[in-house]
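To start, the structure under review is shown below, and the notes come after it.
When a residue number appears, it is its place in the shown sequence, counting from 1.
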Amino acid sequence: MTANSLFSRRAWSAIAATCVVLAALPLLNLIFPDGHALHVPSYMVSLIGKFMCYALAALALDMVWGYAGILSLGHGVFFALGAYAHGMYLMRAIGREGVYQSDLPDFMVFLDWKTYPWYWTATDNFWYCLVLVVLVPGVLAFVFGFFAFRSRIKGVYFSIITQAMTYAFMLLFFRNDTGFGGNNGFTDFKRILGYSISAPGTKATLYLVTLAVLAGSLLLCRAIVRSKLGRVLQAVRDSESRLMFIGYNPLWFKLFVWTLSAVLCGIAGALYVPQVGIINPSEMSPANSIEMVIWAAVGGRGTLIGPIIGAFSVNGLKSWFTGAFPDLWLFALGLIFILVTRYLPQGIAGLAARRGKKEEAA
């Protein structure tokens, strides 16, 4: 699959049909009552909405791993930071409806905080927190990436320090004195922009916004990959030393795609929080970042659509497996990764592309 074509006509048709089906799910939930043959349960709407957030995070990872050859094992921290930035607004929006009926969140009252810390200033403003969703993971990624790429840290060494970064942030956010809820994080949200967060209409709106952001991000990433910038990024992946020899400085290209990927991951986290209803430091665990890598590998890295397919496939299987065999999921996940690496190195998308070529040849 070349960067110039990227998606075949058949792939575009499948993408469009999938978007239509996904967009119809919350409408079927609202229009048809329980018990009707066309009714979609509310839990299914929330579950698919969560999967779309994961798909956006997998797409973000594919930009750095699949097209620039930068394997990150720390994207969970960007996802969680975006979630926490939005969660701060959602906690402020609870008002006095908490257990302690205070202007402060319940966890602050429990810890005997008397006022908000300075970094909570203006977080009662929804649009300010949306800016934080972009800026916090973006600035962290830019600063971290600048020093790492300027020092020419790459390969397994870069992967290790990204995992160390997310682990350090997880330990920091587990502390009660950081002002982010400690082990419990943020939960018990009541409303968003004045609307009840548990209302079916609000859930449907959040779902459709997530779908629109995922589709828009896919188109944005495709435009970047097909541009001259995208070709340079692939040159960084394939032969960075040769790229430097002909006069390019890989630093800024790597820094751009790394920061963009972090921002997309932060947006995914921000969309995840109101739909799932909780964010805590466990989202920063190294295991979560590794799962993102597995999503991209299973779907097919370097294809854009592959990681989205992988995120839906792996998480759909996880939802079933953890219900049927809760103690065996991690073993199954490891087996999936081994089998895909051994027999499907280009993932599900690569397999579909090969079958398409055989059919055209026939």
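Residues R231 and R226 share a closest heavy-atom pair of NH1-O, 3.4 Å. Contact between T162 and L73 at its shortest, heavy atoms only, is OG1-N, 3.0 Å.
Side-chain contact annotation: S196 with R191, donor-acceptor N/O pair under 3.5 Å absent. Defined by atom type and a distance below 3.5 Å, a donor-acceptor pair is present between the side-chain atoms of T210 and Q275. Between the side chains of Y84 and E283, no donor-acceptor pair is found at a separation under 3.5 Å. Side-chain polar atoms of S42 and N29 form a donor-acceptor pair below 3.5 angstrom.
Annotation: the span from M244 atom CE to N249 atom CG amounts to 7.0 Å, rounded to 0.5 Å. The line from NZ of K203 to CD1 of I192 is 13.0 Å long, rounded to the nearest 0.5 Å.
Atom CZ of F126 is surrounded by more than 12 heavy atoms from other residues, nucleotides or ligands within 6.0 Å. The environment of CZ in F321 is crowded: more than 12 heavy-atom neighbours from other residues, nucleotides or ligands sit within 6.0 Å. The number of heavy atoms from other shown groups lying within 6.0 Å of CZ (F174) is above 12. Within a 6.0 Å sphere centred on OH of Y195, other residues, nucleotides and ligands contribute 12 heavy atoms or fewer. Residue Y119 qualifies as enclosed at atom OH: its count of foreign heavy atoms under 6.0 Å is above 12.
Within the 6.0 Å centre-distance limit, the rings of F158 and W258 are counted as a close aromatic pair. Taking the six-membered ring wherever Trp is involved, the centroid distance between the rings of F149 and F256 does not fall below 6.0 Å.
Using a 4.5 Å heavy-atom cutoff, the side chains of I336 and L317 are in contact.
Results of the side chain to side chain contact (heavy atoms under 4.5 Å, CB included) test with I267 over L130, L214, V213 single out V213 as the only residue that passes.
Clustering of Ile, Leu, Val, Met, Phe, Trp and Tyr side chains at separations under 4.5 Å places L335 together with L339, Y343.
Both M88 and W127 are part of a single hydrophobic cluster, where members link through side-chain heavy atoms under 4.5 Å apart. No path of Ile, Leu, Val, Met, Phe, Trp and Tyr side chains, each step under 4.5 Å between heavy atoms, connects V340 with I338, placing them in separate hydrophobic clusters.
A donor-acceptor pair under 3.5 Å is absent between the side-chain atoms of T202 and the main chain of S198, judged by distance alone.
For Y116, the ring pair (Phe, Tyr, Trp, His ring centres under 6.0 Å) test picks out W120, with sequence neighbours left out.
Using cut-offs of 30° and 60° on the angle between ring planes, the pair Y89 and H86 is parallel. Ring geometry for F146 versus F142: interplanar angle under 30°, hence parallel rather than tilted (30 to 60°).
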